[in-house]
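None of the values given here were measured: they were computed from a predicted structure. All values below were derived from every heavy atom in this structure, side-chain atoms included, with hydrogens, water molecules and symmetry-related copies excluded. For reference, positions follow the sequence shown, starting with 1.
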Amino acid sequence: MLSNKRIQELELVMEFEKVEECLKEVSSWIENVGRKGLKETVNLDDSLEMLLQAQKQFKEFDLVASEYCKRGQEALKKMVQWEDFSSVDVSSYREKLKTYRKQLEEFCTQLDETRHRICETVRLYEFFDKVRQGICSTEEDVKS
């Protein structure tokens with residue numbers, strides 16, 4: 001039984017090394033590109049036209065970022081079986097996985113929040129733009 005468990009642990013270590021390649025790539029993209037892309041959307045412009053332009057740029061970024069999130073999540077799913085092993089030999093690998101998981105979850109959450117914030121801001125600006133147009137046309141009708 002111990003031999004079988006040890007063989008399973010070695011197989012997991014080999015699997016981890018394959019999966020870690022993907023996780024490192026995703027992690028690197030998040031740190032070098034993803035976080036910068038999210039920071040660029042912190043200050044949204046004051047005009048509807050500029051906001052729509054920012055939304056368009058974010059959608060392009062969002063497509064790429066969502067793909068990295070998906071790849072990272074798929075890689076982490078492959079390693080779910082690690083949670084069953086309590087061996088000291090695999091504890092360092094489990095810690096690495098926790099770190100990757102935490103980073104990925106934080107980034108994906110921030111991405112979702114940014115997507116929602118931009119969408120809601122655009123809707124609000126569009127509403128105010130319609131109200132402003134309505135007020136302007138009402139003022140013109142009163143002047144006539």
Side-chain angles (χ1 to χ4, degrees), residues 5-144:
K5 187 173 181 178
R6 185 68 179 148
I7 290 171
Q8 285 178 324
E9 289 174 357
L10 291 173
E11 289 172 350
L12 282 174
V13 169
M14 290 170 44
E15 179 70 20
F16 178 83
E17 290 173 357
K18 292 178 196 173
V19 171
E20 189 176 29
E21 296 277 329
C22 177
L23 292 173
K24 281 182 179 179
E25 182 182 338
V26 170
S27 177
S28 176
W29 186 88
I30 287 172
E31 292 303 318
N32 298 319
V33 179
R35 294 200 192 282
K36 290 176 187 174
L38 289 178
K39 284 180 185 176
E40 290 175 4
T41 62
V42 170
N43 297 321
L44 298 173
D45 291 309
D46 291 336
S47 72
L48 179 58
E49 181 181 319
M50 294 299 288
L51 185 59
L52 290 171
Q53 180 67 26
Q55 183 184 36
K56 181 182 176 188
Q57 290 173 346
F58 177 77
K59 283 183 179 182
E60 293 169 7
F61 167 79
D62 188 28
L63 286 173
V64 175
S66 294
E67 184 60 34
Y68 275 96
C69 287
K70 182 180 172 184
R71 287 175 53 201
Q73 290 164 346
E74 287 172 359
L76 288 171
K77 282 181 188 176
K78 292 177 182 177
M79 301 311 297
V80 169
Q81 59 213 9
W82 279 77
E83 296 167 6
D84 297 337
F85 284 91
S86 58
S87 169
V88 174
D89 295 337
V90 296
S91 65
S92 64
Y93 296 103
R94 267 201 323 265
E95 289 303 313
K96 285 183 182 182
L97 284 173
K98 283 182 187 177
T99 302
Y100 287 126
R101 179 175 281 115
K102 182 180 177 191
Q103 178 194 39
L104 183 65
E105 287 173 353
E106 287 175 356
F107 179 77
C108 292
T109 298
Q110 290 172 347
L111 183 66
D112 289 341
E113 289 171 353
T114 302
R115 185 184 310 114
H116 179 74
R117 182 174 52 86
I118 290 174
C119 182
E120 290 300 310
T121 304
V122 167
R123 287 181 52 212
L124 186 62
Y125 270 68
E126 288 173 338
F127 171 76
F128 284 133
D129 197 48
K130 287 178 185 176
V131 169
R132 185 183 54 75
Q133 289 174 2
I135 290 172
C136 289
S137 72
T138 303
E139 287 176 350
E140 288 177 16
D141 290 344
V142 169
K143 288 181 183 177
S144 307

Exercise. Under 3.5 Å, is there a donor-acceptor pair between the side chain of T121 and the main chain of R117?
Worked result: yes
Seminar exercise, completed: Closest non-hydrogen contact found for Y100 with K24 is OH-CG, 3.3 Å
Exercise. Any Lys/Arg nitrogen of K59 or D62 sitting under 4.0 Å from an Asp/Glu carboxylate oxygen of the other?
Worked result: no
Exercise. Side chains of Q103 and V26: closer than 4.5 Å at any heavy-atom pair?
Worked result: no
Exercise. Distance from C22 atom SG to Y68 atom OH, nearest 0.5 Å?
Worked result: 9.5 Å
Exercise. Between atom CD of E126 and atom CG of L52, what is the distance when rounded to the nearest 0.5 Å?
Worked result: 6.0 Å
Exercise. Rounded to the nearest 0.5 Å, how far apart are CD of Q110 and CG of D112?
Worked result: 10.5 Å
Seminar exercise, completed: Residues C69 and F107: closest non-hydrogen pair is SG-CD2, 3.7 Å
Seminar exercise, completed: Q73 meets the side chain to side chain contact (heavy atoms under 4.5 Å, CB included) criterion, sequence neighbours left out, with L104, C108
Problem set entry | Pairwise side-chain contact, Y93 with M79, heavy-atom cut-off 4.5 Å (strictly under) | no
Exercise. Which pair of heavy atoms, one from R115 and one from S66, lies closest together, and at what distance?
Worked result: NH2-OG, 3.5 Å
Problem set entry | Validation row: H116, E113 side chains within 4.5 angstrom (heavy atoms) | no
Exercise. Minimum heavy-atom separation for L111 to A65, with atom names?
Worked result: CD2-CB, 3.7 Å
Exercise. Can a salt bridge be assigned to the pair R35 and E31 using a cut-off of 4.0 Å between side-chain N and carboxylate O?
Worked result: yes
Exercise. Under a 4.5 Å cut-off applied to non-hydrogen side-chain atoms, are K78 and E74 in contact?
Worked result: no
Exercise. Between CZ of R123 and CG of L51, what distance do you get to the nearest 0.5 Å?
Worked result: 13.0 Å
Exercise. Going by the angle between their ring planes, with limits at 30° and 60°, are W29 and F61 parallel, tilted or perpendicular?
Worked result: parallel
For this session: Indicate yes or no for a side-chain donor-acceptor contact from S28 to the backbone of E25 under 3.5 Å, with no hydrogens or angles considered.
Result: no
Exercise. For E21, does the CD atom have more than 12 heavy-atom neighbours from other residues, nucleotides or ligands under 6.0 Å away?
Worked result: no
Exercise. Y125: what forms a ring-ring contact (aromatic ring centres under 6.0 Å, His included) with it, not counting sequence neighbours?
Worked result: none
For this session: Check whether more than 12 heavy atoms from other residues, nucleotides or ligands sit under 6.0 Å from atom CD of E49, and answer yes or no.
Result: no
For this session: Kindly indicate, with the supporting measurements, whether the criterion side-chain contact (heavy atoms from CB on, under 4.5 Å) is fulfilled by E11 and E15.
Result: CA-CA 6 Å; E11 289 172 350; E15 179 70 20; over 6 Å; no
Seminar exercise, completed: Taken to the nearest 0.5 Å, the spacing of C119 SG from F58 CZ works out to 10.5 Å
For this session: Output the distance between atom CG (L48) and atom CZ (F127), rounded to the nearest 0.5 Å.
Result: 13.5 Å
Problem set entry | Listed partners of K98 passing salt bridge (charged side-chain N to carboxylate O under 4.0 Å, His left out), at least two apart | E95
